[in-house]
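Worksheet: the structure to be examined is printed underneath.
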Amino acid sequence: MNNKKIKTKSLDEITDKYIGEIGTPERDEFENELRLDLIGQAIKKARKERKLTQAQLGKLVGVQKAQISKIENNLTDARFETILKVFRALNAKINFNVELLNQNLNVAS
């Protein structure tokens with residue numbers, strides 16, 4: 001029997017190798033896209049929990065159904081103001097964590 005030892009790597013090691021290390025433009029872009037995808041998923045989940053269609057949510061926000069679909073599926077660079085309007089229309093609490101000069105700043109809306 002062949003007893004080869006399998007090497008394992010952490011997710012951070014794989015991400016560093018294939019995406020780029022923290023602080024590189026490639027890694028920053030990846031992290032931003034991941035955050036936008038998570039925001040889209042949160043919007044979709046909240047919309048479904050509120051039993052709203054994309055068209056109904058769009059009407060509450062003042063945008064077309066297609067814009068809601070694009071936000072949920074991370075297919076657009078939606079304005080921050082629009083994202084806030086969507087969460088407000090969903091009656092959702094919004095929390096942001098911003099790191100400035102090695103200090104954490106928590107902002108709740």
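Please read all numbers here as calculations on a predicted model, not as lab measurements.
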Hey, any chance [X] and [Y] share a hydrophobic cluster, counting ILVMFWY side chains that come within less than 4.5 Å of each other, even indirectly?
{"X": "L84", "Y": "I39", "value": "yes"}
{"X": "F80", "Y": "F87", "value": "yes"}
{"X": "I19", "Y": "I22", "value": "no"}
{"X": "I94", "Y": "V61", "value": "yes"}

Task: Minimum heavy-atom distance between A89 and L57, given as atom pair plus value - done: CB-CD1, 3.9 Å

Spatial distance of atom [atom1] ([X]) from atom [atom2] ([Y]) [nearest 0.5 Å]:
{"X": "Q56", "Y": "K51", "atom1": "CD", "atom2": "NZ", "result": "12.0 Å"}
{"X": "K85", "Y": "L90", "atom1": "NZ", "atom2": "CG", "result": "14.0 Å"}
{"X": "K48", "Y": "K45", "atom1": "NZ", "atom2": "NZ", "result": "11.5 Å"}
{"X": "T15", "Y": "E26", "atom1": "OG1", "atom2": "CD", "result": "13.5 Å"}
{"X": "I83", "Y": "E81", "atom1": "CD1", "atom2": "CD", "result": "11.0 Å"}
{"X": "I68", "Y": "N73", "atom1": "CD1", "atom2": "CG", "result": "11.5 Å"}

Open item on the list: For the CD atom on E31, are there more than 12 heavy atoms of other groups (residues, nucleotides or ligands in this structure) within a distance under 6.0 Å?
Closed with: yes

Open item on the list: Taking salt bridge (Lys or Arg N to Asp or Glu O under 4.0 Å) as the definition, give me every residue that meets it alongside R50, ordered by chain and number, with sequence neighbours left out.
Closed with: none

Task: Residues E13, K17: salt bridge by 4.0 Å N-O rule - done: no

Task: Positive for side-chain hydrogen bond (donor to acceptor under 3.5 Å, both in side chains) with Q54, one of K44, K59, K70, K65 - done: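 Testing each of K44, K59, K70, K65 against Q54, the sole residue satisfying side-chain hydrogen bond (donor to acceptor under 3.5 Å, both in side chains) is K65.
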
Task: Heavy-atom side-chain contact between L60 and L52 under 4.5 Å - done: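 In contact.
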
- [ ] Without swapping roles, check the side chain of R27 against the backbone of G20 for a donor-acceptor pair under 3.5 Å.
- [x]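 Yes; at least one donor-acceptor contact below 3.5 Å.
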
